[in-house]
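When a residue number appears, it is its place in the shown sequence, counting from 1.
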Amino acid sequence: MAAVKLTVNSNGSLKVEGDFEIVDAQGNVYGLGGRTAVSICRCGLSQNKPFCDGSHRGHFDHDAKAFDLPPKKQ
């Protein structure tokens, strides 16, 4: 399986690229129509959840900057 890249977009979605599948809480697979990249909603405003439809524009503010998580608790 190829690597999957997840990009956190500032003021927007999570972009998923690569060889992946997306499943719902029951394990049912979403039909992605052959796409190798999709955007996932982070703001909760999309009418097409879990996918982004651009509804966040002007309503979602997050400056995506990478940081290190603290060490995992044992």
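- Nearest heavy-atom pair across Asn48 and Asp53 is N-OD2, 4.0 Å.
- In the hydrophobic clustering of ILVMFWY residues, with side-chain heavy atoms under 4.5 Å counting as a link, Leu6 and Leu32 come out together.
- Glu21 meets the side chain to side chain contact (heavy atoms under 4.5 Å, CB included) test with Val23, Val29; sequence neighbours excluded.
- Residues that satisfy the side chain to side chain donor-acceptor pair (under 3.5 Å) test with Thr36, not counting sequence neighbours, are absent from this structure.
- The cluster map of Ile, Leu, Val, Met, Phe, Trp and Tyr, joined by side-chain heavy atoms under 4.5 Å apart, puts Val8 and Val38 in the same cluster.
- The list of side chain to side chain donor-acceptor pair (under 3.5 Å) pairs with a residue in residues 23-34, not counting sequence neighbours, reads Asp24-Asn28.
- Between Phe51 atom CZ and Ser39 atom OG the span is 10.0 Å, to the nearest 0.5 Å.
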Could you give the side-chain donor-acceptor pairs of residues 9-16 under 3.5 Å, partners two or more places apart or in another chain?
residue	atom	partner	partner atom	Å
Asn9	ND2	Ser13	O	3.3
Asn9	ND2	Ser13	OG	3.4
Ser10	OG	Asp63	OD1	3.4
Ser10	OG	Ala64	N	3.0
Asn11	OD1	His62	N	2.8

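- Within 6.0 Å of NZ on Lys5 lie no more than 12 heavy atoms contributed by other residues, nucleotides or ligands.
- Expressed to the nearest 0.5 Å, how far SG of Cys52 lies from CZ of Arg57 amounts to 7.0 Å.
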Under 3.5 Å, which donor-acceptor pairs do the side chains of residues 65-74 form with other protein atoms, sequence neighbours left out?
none

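- In this structure, NZ on Lys49 lies 12.5 Å from CD1 on Ile40, to the nearest 0.5 angstrom.
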